[in-house]
Amino acid sequence: MSIYETGLYFFIYAILGWCAEVAFAAVKERKFVNRGFLNGPLCPIYGAGVVTVAVLLEPFHDRLLLLYLASAVLTTVMEGLTGWALDRLFHHKWWDYTGMPLNIGGYVCLPFSLVWGAACVAIVKVIHPAVEDLVAFLPKLPGMILLLLMCCGLGADLAVTVNGILKWNRQLDALDKIAADLRKLSGYMGENIYENVMDTIELHEKLDAAVEERKDQAEEHFRQAQERILQAEELKARYRALAERTLRDGRRLVRAFPGIQSRRHKELLERIRERIRQER
């Protein structure tokens with residue numbers, strides 16, 4: 001298998017994998033959902049997985065049981081490594097099999113491993129021969145031009161997607177920081193109110209020469225409280241505006257990966273997911 005053929009196989013199966021994911025989502029959601037990691041109609045993990053199976057498991061082509069078992073193991077390893085790498089890079093678990101039996105870290109599970117094995121057998125025995133004929137039928141020069149264009153498109157899409165995810169992560173970080181500032185400010189205002197109440201009680205109890213001093217202190221506390229209220233309103237306005245941008249930028253990712261989990265922003269991501277459910 002030449003590099004030219006491998007590249008075309010990769011893109012063909014990446015597109016077919018995307019079509020399968022979209023069809024599955026359409027049956028489940030009753031509407032179109034772009035289920036790919038990228039913005040374009042590609043699922044690279046499918047392309048890489050099928051090409052790897054076709055190349056490495058060629059010796060088992062006529063040994064059905066070995067082909068099935070090897071396919072299940074190989075695709076499981078690839079899915080697990082991909083899920084783990086994406087989690088470490090972007091701090092999100094894009095799919096989560098935690099509720100499935102015999103799962104490992106939520107990245108892989110036995111039921112899906114069995115499905116991947118059967119799917120690979122069907123691809124190797126039925127689909128791949130037709131794909132080989134299609135690639136052989138395609139004239140070399142147009143095929144190379146097409147491959148080059150798709151590589152450029154994949155590179156651009158990957159750059160845009162990664163930048164978008166990193167931007168979304170920064171927005172989530174900023175939202176959590178504003179929420180922490182609001183909690184801190186709220187606690188300070190509560191303490192301030194408590195101090196003012198205690199000062200007033202003490203003021204009425206003593207009614208001595210310190211009345212004016214206590215009054216000045218109370219006025220200063222009141223002024224500080226007003227400033228804190230204005231700061232709180234400003235923070236709330238910033239939070240609302242940033243939350244809308246975060247929802248807009250993350251809507252496609254959350255819809256594409258309904259089971260996405262965040263290691264740093266679990267509660268915030270759940271609120272975004274709930275907001276998307278309400279919209280739907």
Side-chain angles (χ1 to χ4, degrees), residues 25 29 31-39 86-96 98-99 106 159-204 212-280:
E29 304 288 338
K31 65 178 181 179
F32 169 77
V33 179
N34 182 357
R35 289 297 300 270
F37 176 76
L38 302 175
N39 293 287
L86 290 175
D87 188 3
R88 291 300 177 272
L89 285 172
F90 301 113
H91 311 293
H92 300 298
K93 186 182 288 184
W94 299 94
W95 56 88
D96 189 8
T98 300
V160 170
T161 300
V162 169
N163 182 67
I165 294 173
L166 294 177
K167 175 186 174 184
W168 193 48
N169 282 345
R170 289 193 295 269
Q171 290 173 339
L172 292 173
D173 289 337
L175 280 174
D176 271 347
K177 185 179 184 304
I178 293 175
D181 289 342
L182 279 169
R183 288 192 294 269
K184 182 179 178 181
L185 187 59
S186 177
Y188 182 88
M189 289 172 64
E191 292 176 1
N192 203 332
I193 292 172
Y194 172 78
E195 290 175 359
N196 280 326
V197 171
M198 296 306 296
D199 284 346
T200 303
I201 293 174
E202 186 177 352
L203 191 65
H204 282 285
E212 289 301 323
E213 180 182 353
R214 295 290 184 180
K215 181 180 177 181
D216 292 340
Q217 290 178 355
E219 290 177 350
E220 177 63 20
H221 288 159
F222 181 72
R223 186 187 64 79
Q224 292 178 357
Q226 284 184 314
E227 291 179 355
R228 296 298 189 277
I229 291 173
L230 291 176
Q231 291 176 11
E233 291 301 321
E234 181 182 352
L235 285 173
K236 288 178 182 179
R238 287 172 53 196
Y239 187 92
R240 285 192 293 267
L242 182 57
E244 287 300 320
R245 293 200 302 271
T246 304
L247 176 66
R248 182 183 66 246
D249 294 340
R251 186 179 282 110
R252 190 196 74 79
L253 290 173
V254 174
R255 285 176 174 171
F257 297 92
I260 184 174
Q261 300 292 330
S262 175
R263 287 192 285 119
R264 298 194 307 199
H265 310 286
K266 292 182 180 180
E267 295 182 3
L268 185 55
L269 183 58
E270 191 55 42
R271 289 200 294 270
I272 292 174
R273 202 193 323 270
E274 181 60 29
R275 174 76 178 274
I276 292 174
R277 290 196 195 102
Q278 292 173 0
E279 290 178 351
R280 190 165 57 195

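This is a predicted model, so every value here is computed, not measured. The residues of the chain are indexed from 1 along the displayed sequence. For the numbers below, each heavy atom of this structure counts, side chains included, while hydrogens, waters and symmetry mates do not.
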Residues E244, R275; criterion side-chain contact (heavy atoms from CB on, under 4.5 Å); working and verdict: CA-CA 11 Å; E244 287 300 320; R275 174 76 178 274; 3.1 Å; yes
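- Checked for salt-bridge contact, E270 and R273 meet the test: a charged N lies under 4.0 Å from a carboxylate O.
- Crowding of E267 atom CD: a count of heavy atoms from other residues, nucleotides or ligands under 6.0 Å not exceeding 12.
- Here the straight-line distance linking atom CG of L175 with atom CD1 of I272 works out to 7.0 Å at 0.5 Å rounding.
- Rounding to the nearest 0.5 Å places CG of L247 at 10.0 Å from CD of Q171.
- Annotation for H92 and L172: closest pair CE1-CD1, 4.0 Å, computed over non-hydrogen atoms.
- Considering all non-hydrogen atoms of both residues, D87 and K93 come closest at OD1-N, 4.0 Å.
- W95 and F257 get closest at one heavy-atom pair: CE3-CE2, 4.4 Å.
- The line from CD of Q261 to OG1 of T98 is 7.0 Å long, rounded to the nearest 0.5 Å.
- Under a 3.5 Å cut-off, the side chain of N169 and the backbone N or O of F90 do form a donor-acceptor pair.
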Candidate pair D173 and H265, rule side-chain contact (heavy atoms from CB on, under 4.5 Å), full reasoning: CA-CA 8 Å; D173 289 337; H265 310 286; 2.8 Å; yes
Stepwise side-chain contact (heavy atoms from CB on, under 4.5 Å) test for L269 and V254: CA-CA 9 Å; L269 183 58; V254 174; 4.1 Å; yes
